[in-house]
Amino acid sequence: MTTDFYQHSMDVPLRGITIKSLREKRASFTEQLVASYLVMLNLGTDTIKETKQIKYIKICNFVTMTSFAASLMYTILSIVWANPLWFIAVNSLLITSVAVLYLNKIGHVNTSRLLYLLSVNSLLFIIALIVGPHTYAENFLLVAVLIPFLMYDLDHIKMILVGIILPLIYMMSYQFVEPYFAQYHLSIEHQNIMRLVGNPMEIGLAVTALFLYVFYSRQTELELESTNSQMTLHTTELKRSNADLEQFAYVISHDLKTPVRNISCFMRLLSNKHAENLDSEAKEFVEFAVSGAKRMERLIDDVLAYSRIGRNLSTPTPVNVNDVVNTIRYELECKSETSHATINITRELPIVNSVHSSLMYHIFQNLIKNGLKFNKTEHPEINISWNENTDFYTFAVNDNGIGISQKYSGQIFQMFKRLHTENEYDGTGIGLAICKKIVEHYNGHIWYESPGPDKGTTFLFTIRKF
Ligand code: ADP
C-alpha cells in the first residue's frame, strides 16, 4: 500500500475511483476497505455547487456510517440475546442509514439530512426504551444534540432547531415512557455489558465528529482559496486575450483603410478618365466595385470606432447631455433627408459626472439615427426622456418607427447582427454593439422595448453614477 494511494484518496473527492476499478487494479483488501470508506464519505459531494456545503455532507455520511456500524453490531447482539423487538428496531436503523447514504448519493442532500434527524433520533429513543435504563443508551440522544451543528450551517436554522429539540424531548420523556417497555428489557447482566460498550462509543463518536468538523472546515477553506486564485488567474488571462483581440482588430482595420480607399479612388479615376473606352456593362461593374469599396470603408470605420472605445480616453468630466443631443439635432437638421424629422427632449437632460462627451455623443447619435432610419412614417419623431435613482441615470430614446420583435433582444447588440438586408436599410450592424460597449464601460445596461410592428421602439440605457 503506497502513501500515494492515500494521498490521492484524501485529495480528490474520489469521483473516478470505484470499487470495481480498484479490483481491476488488484488493490489489497485494506486499500479496498479504505477506498470504500472514502467513497462512502464523499457520497453526494459532487452534486453540490457550494463548496462550503461539502463538509456538512461528508459529516452526514460519516455519522450515518457510524450509525450503520453500530446497528450492525447490535443486530448481532439482538440475535445472540434473543430479543426480537430490539432486532426489529436496530434493523430499522440499519435500513434508514442505508437510505440516508443512498439519498446523498443521488444528490438529495437536504432530504437525507432531514431523514437522519427525524428517524435516527426516534429509533435511538425506541432502542434505548427496549434495552433498558441500566445501559444508559439514552445518552446517545445527548450526543445527537451536537449532530445538527455538524451537519448544517446557520442558514438552515430551522433544521438545527429540529435536530436539537427532538432528542431533548425524547431525553426528557425517557424516564416516563421506559416502564411501559420493562417486559422487553435485557437482563441486568446484559444491560451492564452494553453500558461498558456503549459509553466509550458515545464519547468516541462525539470526539470523532468534532475532529472531522474542524478538519473539513480547514479543507474547505483551502479549496476556496485555491478556487479564488484560479479565478483571478482566469480573469487576468481573459482580460489579456480581450485586449489582444481589440489590438488585432484595431491594427487590421487601421492598415486596411488605405488600400481600400485606393481601390475606390482608382476605380473612380478609371471611370472618369477612360469613360469613352468603357461600355455600359463595364461602367456598371466599376460602380459595383466602387460601392463595395465604400461599404468596406464604412465597415472598417465602424470596426475601428468599436475597438477605439475605452482606448486612450481622456479623464472623465461632467458632460451636459443637452449639449450632446442639441449638437446631434443641429447636424441632422442640416441634412436634407432628415430635415422633416423632430427630435424632442421631454425634460431638460442632466449633467452627468465623470463621462466622456465623445462616447455620450456616439450612443445618442447611433440611437437617434436608427430611430430615424428604421422609420417609414412621413414625420419621424424621436423623444428623449430620462430619470435617475441613487446609483444610475436611465435614458430612453423612443421613436415612431418600424418596431423590433422582442425575440431579437439577445441578438441585436451583437456585432454585425442586422435584421434587414442592405437593400432595405443600409448599415453595418455595428452601431448597437458600439452603444452596448460604451454603456458597459460606464457599468450600465442597454435594452429595448417595442409594443409591436410599426408601433415604434424605445431604447433604454443606464449609466452608473460615480
Ligand atoms: P445598423 O443600423 O448599421 O444596421 P445597428 O447595430 O445600429 O446596425 O442595429 C442593428 C439592427 O437592429 C438593425 O439592422 C435593425 O434591424 C435593428 N434596429 C436598430 N435600431 C432600430 C430601431 N430604432 N427600430 C427598428 N429596428 C432597429
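In this text, all values refer to a predicted model and were calculated from it rather than measured experimentally. In each ligand, atom 1 is the first atom listed, and ligand 1 is the first ligand listed. Computed from heavy atoms alone, side chains included, the values below leave out hydrogens, waters and symmetry copies.
Protein residues with any heavy atom under 4.0 Å from ligand 1: Asn370, Gly371, Lys373, Phe374, Asp399, Ile402, Gly403, Ile404, Ile412, Lys417, Arg418, Leu419, His420, Gly427, Thr428, Gly429, Ile430, Gly431, Leu432, Thr457, Phe459.
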Inset, instruction - Report the C-alpha separation of Asn383 and Thr346 in whole Å, then their side-chain angles, then the decisive distance to 0.1 Å, and conclude whether the side chain to side chain donor-acceptor pair (under 3.5 Å) test is met. - result: CA-CA 7 Å; Asn383 290 302; Thr346 47; over 6 Å; no

Legend entry - Intermediate values then yes/no, side chain to side chain donor-acceptor pair (under 3.5 Å), Thr421 and Asn423: CA-CA 5 Å; Thr421 60; Asn423 294 337; 5.0 Å; no

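Evaluation of the side-chain contact (heavy atoms from CB on, under 4.5 Å) rule for Ser354 yields Pro316, Phe466 as partners, not counting sequence neighbours.
Across every non-hydrogen atom of Ala293 and Ser264, the tightest pair is CB-CB, 3.7 Å.
No donor-acceptor contact under 3.5 angstrom links the side chains of Tyr306 and His362, judged on distance only.
Note on Glu297 versus Lys294: no salt bridge recorded, every NZ/NE/NH1/NH2 to OD/OE distance being 4.0 Å or above.
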